[in-house]
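So the structure is just underneath, and the comments pick up after that.
Reminder, nothing fancy here: chain letters follow the sequence lines and each chain counts from 1.
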2 protein chains.
Amino acid sequence: MATIRDVARVAGVSIATVSRVYNGSARVSDETRRKVRAVAAKMDYWPNGAARSLTTARTHSLGVLLPDLYGEFFSEVIRGIDHGARQAKYQILVSSSHADSDALVVASRSMHGRIDGLIAMAPDVASTAAIKQIARNFPVVLLNPRVEVEGCYAISIANFEGAHTMVRHLIAQGHERIAILKGPHGNVDAEERLRGYRSALRESGIHPLPELEFDGDFTEASGHRRAKEILALEGLPTAVFAVNDYMAIGLLSALRDAGVRVPEDIAVTGFDNIAISQYLSPPLTTVQVDAYELGQRAVQQWLLAIEPEGRSTPPRHEVLPATLVIRRSCGVARSAVPRGGRKSKRKPDGG
Amino acid sequence: MATIRDVARVAGVSIATVSRVYNGSARVSDETRRKVRAVAAKMDYWPNGAARSLTTARTHSLGVLLPDLYGEFFSEVIRGIDHGARQAKYQILVSSSHADSDALVVASRSMHGRIDGLIAMAPDVASTAAIKQIARNFPVVLLNPRVEVEGCYAISIANFEGAHTMVRHLIAQGHERIAILKGPHGNVDAEERLRGYRSALRESGIHPLPELEFDGDFTEASGHRRAKEILALEGLPTAVFAVNDYMAIGLLSALRDAGVRVPEDIAVTGFDNIAISQYLSPPLTTVQVDAYELGQRAVQQWLLAIEPEGRSTPPRHEVLPATLVIRRSCGVARSAVPRGGRKSKRKPDGG
DNA sequence: GCGTCCTATGTAACCGTTTACATGCGCAGA
DNA sequence: TCTGCGCATGTAAACGGTTACATAGGACGC
């Protein structure tokens with residue numbers, strides 16, 4: 001591809017002038033501007049991003065480090081980030097599958113010089129030091145951090161409160177024997193939701209029972225598998241709180257196959273309010289969390305952080321609400337409750 | 001952050017030596033190597049990516065241009081790309097929401113100097129020229145292109161064949177009055193699937209009827225909405241083929257609410273085989289397409305293209321198969337058919 | 001007619017690397 | 001002792017831009 005020098009030569013001007021044409025600000029006569037544009041178009045010239053970054057120390061891209069990209073949650077987070085970034089004319093440099101803090105550091109290092117900032121989901125507490133180190137180079141926004149990291153912006157979802165609210169709702173419906181389908185060990189969201197569950201039980205004088213806590217891994221398959229064990233309990237629970245919707249879906253499917261009616265025989269609830277949860281049979285009572293917004297707000301925070309004025313204000317930790325969405329699966333008479341809607345930011349998609 | 005010069009000064013060597021330490025290949029004495037590493041670690045040095053790209057003309061990142069990121073299809077495509085890229089030590093620079101070819105060109109331009117190649121889903125035929133232009137600078141892999149573009153690698157999904165097979169299956173089951181829930185106008189996948197539907201009907205001597213073709217936009221909501229119109233038809237269709245699973249889900253939900261039994265009163269089938277389709281009630285008969293693999297193979301093709309030997313072989317157009325997954329929603333007795341499985345590459349996820 | 005100012009444009013240093021080529025040193029062979 | 005070679009390391013020129021500063025020429029006031 002042609003370089004700035006080629007264009008300058010052909011257009012009969014200096015490289016500085018060509019550069020000025022592409023950076024708008026400087027004063028160039030209309031005639032020169034037109035000539036340069038014309039030559040550049042003919043030669044298919046466009047400024048080289050790497051060279052630009054080198055001199056300006058701005059890359060116009062934003063690093064995104066996630067543990068995984070699977071499932072609607074991550075997919076929506078990244079969509080939110082992409083849209084937010086796009087609005088601000090930034091591109092995103094994505095790298096996922098970061099299971100531990102070492103991988104995180106390696107990835108962020110390899111992005112040095114390519115990004116103006118970082119949005120990351122830190123896998124564990126061990127990352128704290130590493131992240132603090134990274135944050136010295138450019139603003140870092142943490143998603144759902146397990147602990148506060150000094151000097152970092154953060155934004156998370158009210159997992160504890162959401163689960164707490166959900167379980168209190170079940171208790172208010174008269175349920176006392178409430179099982180939980182847990183998420184993967186070590187996952188922050190999963191752990192917070194479990195805490196919320198236990199806390200709500202205790203507050204109502206119900207002792208959390210280990211035999212009512214079932215391991216899961218956030219997949220439909222794990223929800224499906226655990227159904228058998230739940231049904232094998234002596235003293236069936238009257239409600240099962242799955243800590244995400246996918247597991248609730250697997251559970252619902254297995255219960256249906258086993259001839260167990262939901263919500264008549266057993267109530268089932270989820271967490272996340274994924275798009276299809278309202279179309280399930282029965283429609284799923286769940287907790288609304290807006291992953292898209294999580295991503296978008298992360299970008300907003302970051303944009304704030306790179307503003308000259310923004311640097312002065314101390315990093316904030318924002319928390320997105322998690323609200324109850326009551327549908328049929330938890331056993332409220334259908335007519336008594338309006339069918340829970342879902343904010344729709346979606347567009348028709350391919351595939 | 002420290003530069004190569006800082007490290008060289010402190011370590012008492014030249015910048016060339018530091019550079020050599022980081023590029024492995026060149027011969028540096030063990031002692032010097034250790035010293036440089038130690039100093040670099042202390043100073044928190046890492047080579048600047050932009051500067052590296054500038055001299056080497058390699059960026060170690062791969063551009064990804066998609067029209068959207070919404071829904072399981074795109075989410076899986078990008079996951080496949082990410083994993084493929086990660087394996088080859090590449091990062092991906094993502095930009096979505098490219099509705100038209102102009103946006104595509106703008107985005108690809110702004111990536112100039114930042115990427116070593118491009119994976120793109122071209123929105124329309126008008127893009128052909130633009131893409132050919134882009135492909136002169138580095139290898140381009142097109143996803144599901146509407147037309148062949150000379151000089152570009154391409155990979156697509158057998159949409160036509162998948163739809164064709166599905167409708168032939170329905171006809172083999174005795175269905176003759178088969179409705180279709182179409183996708184968005186202008187969407188390649190949607191149009192190919194529609195073609196497959198019509199073609200299969202004609203082959204069996206059934207004339208495609210306009211009144212049996214319903215507009216949709218790939219969302220559950222649109223499937224839900226169209227249910228009313230379908231049920232209002234004089235002469236109910238005995239089967240409805242939704243061109244993606246999301247619309248099938250909306251349709252199933254609406255039919256259930258209307259007291260229409262699936263598959264007894266009406267058969268419903270989808271397309272894509274998204275993760276939850278096997279957990280629906282009834283489990284959804286659909287067409288398996290592997291979006292993850294689409295992404296992964298796109299990266300493979302691109303890696304092939306940048307190999308020195310690879311450049312000599314002419315660009316290929318690969319087609320991924322779309323295979324029938326028969327479950328209960330299309331009306332075959334449950335015991336007669338093994339429950340269709342789904343390849344699982346998934347890992348437990350967050351949220 | 002000359003100094004002054006303004007504007008459009010050119011010159012050249014610099015950003016942080018890589019790498020071809022130069023250098024200097026130790027050692028082996030004659 | 002001299003030549004030649006190999007190896008570790010240094011020097012300096014790119015890479016393709018941006019931008020501070022210099023410059024040239026025209027308009028203007030006196």
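A donor-acceptor pair is defined here as one N or O able to donate and one able to accept, closer than 3.5 Å; such a pair exists between the side chain of B:Asp116 and the backbone of B:Thr59. Under a 3.5 Å cut-off, the side chain of A:Asn144 and the backbone N or O of A:Ile157 do form a donor-acceptor pair.
OP1 or OP2 of D:dC7 lies within a sub-4.0 Å distance of a side-chain N or O belonging to B:Arg27. Distances shorter than 4.0 Å separate some side-chain N or O of A:Ser19 from OP1 or OP2 on D:dT18. Using a 4.0 Å cut-off, some side-chain N or O of A:Thr17 falls inside it from OP1 or OP2 of C:dG10. When the side-chain nitrogen and oxygen atoms of B:Thr55 are compared with OP1 and OP2 of C:dG16, none of them lie within a distance under 4.0 Å. Taking 4.0 angstrom as the limit, B:Asn23 places none of its side-chain polar atoms (N or O) nearer than this to OP1 or OP2 of C:dT19.
Put simply, CG on A:Asn48 is 18 Å from P on D:dA14, counting in whole angstrom units. Per the geometry, CE belonging to B:Met1 stands 17 Å off P belonging to C:dC15, to the nearest Å. In this entry the distance linking CD1 of A:Ile15 with P of C:dC14 reads 15 Å, nearest Å. Rounded to whole Å, the distance from CZ on B:Arg114 to P on D:dG16 is 15 Å. Taking atom CH2 of A:Trp46 as the reference point, atom P of D:dG16 lies 18 Å away to the nearest angstrom. Atom CZ of B:Arg5 and atom C1' of D:dG10 are 13 Å apart (whole Å). Following rounding to the nearest Å, B:Glu31 (CD) and D:dC7 (P) show an atom-to-atom distance of 18 Å. The OH-P distance, from A:Tyr22 to D:dT19, rounds to 16 Å in whole Å.
Residue A:Ile306 comes nearest to A:Pro139 through the heavy atom pair CG2-CG, 3.6 Å, listed as atom of the first residue, atom of the second, then distance.
Nucleic acid contact for B:Thr3: sugar-phosphate only, since backbone atoms but no base atoms lie under 4.0 Å from a heavy atom of the residue. Across all strands shown, B:Val13 has heavy atoms under 4.0 Å from sugar-phosphate atoms exclusively, and none from any base. Residue-level contact check: B:Ser53 touches neither bases nor backbone, having no heavy atom under 4.0 Å from any strand. At the heavy-atom level, A:Thr56 lies under 4.0 Å from the strands shown only through sugar-phosphate atoms.
Distance from the side chain of B:Ile4 is smallest for C:dT17 among the nucleotides D:dG17, C:dT17, C:dG16. Side chain of B:Ala16, nearest nucleotide from D:dT18, D:dC15, D:dG10: D:dG10.
Interface remark: the B:Arg52 side chain does not form any donor-acceptor pair with the C:dG16 base, using a distance-only criterion of under 3.5 Å.
No more than 12 heavy atoms of other residues, nucleotides or ligands lie within 6.0 Å of CZ in B:Arg316, so this atom counts as exposed by the packing criterion.
Ring geometry, B:Trp46 versus B:Tyr22: the interplanar angle exceeds 60°, so the pair is classed perpendicular (tilted spans 30 to 60°).
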Step by step, work out the salt bridge (charged side-chain N to carboxylate O under 4.0 Å, His left out) result for B:Glu76 and B:Arg79. CA-CA 5 Å; B:Glu76 285 291 281; B:Arg79 194 169 68 96; 2.9 Å; yes
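Place A:Ala51 and B:Ser14 on DNA chain D by their nearest nucleotides, and B:Ser14 ends up nearer the 5' end.
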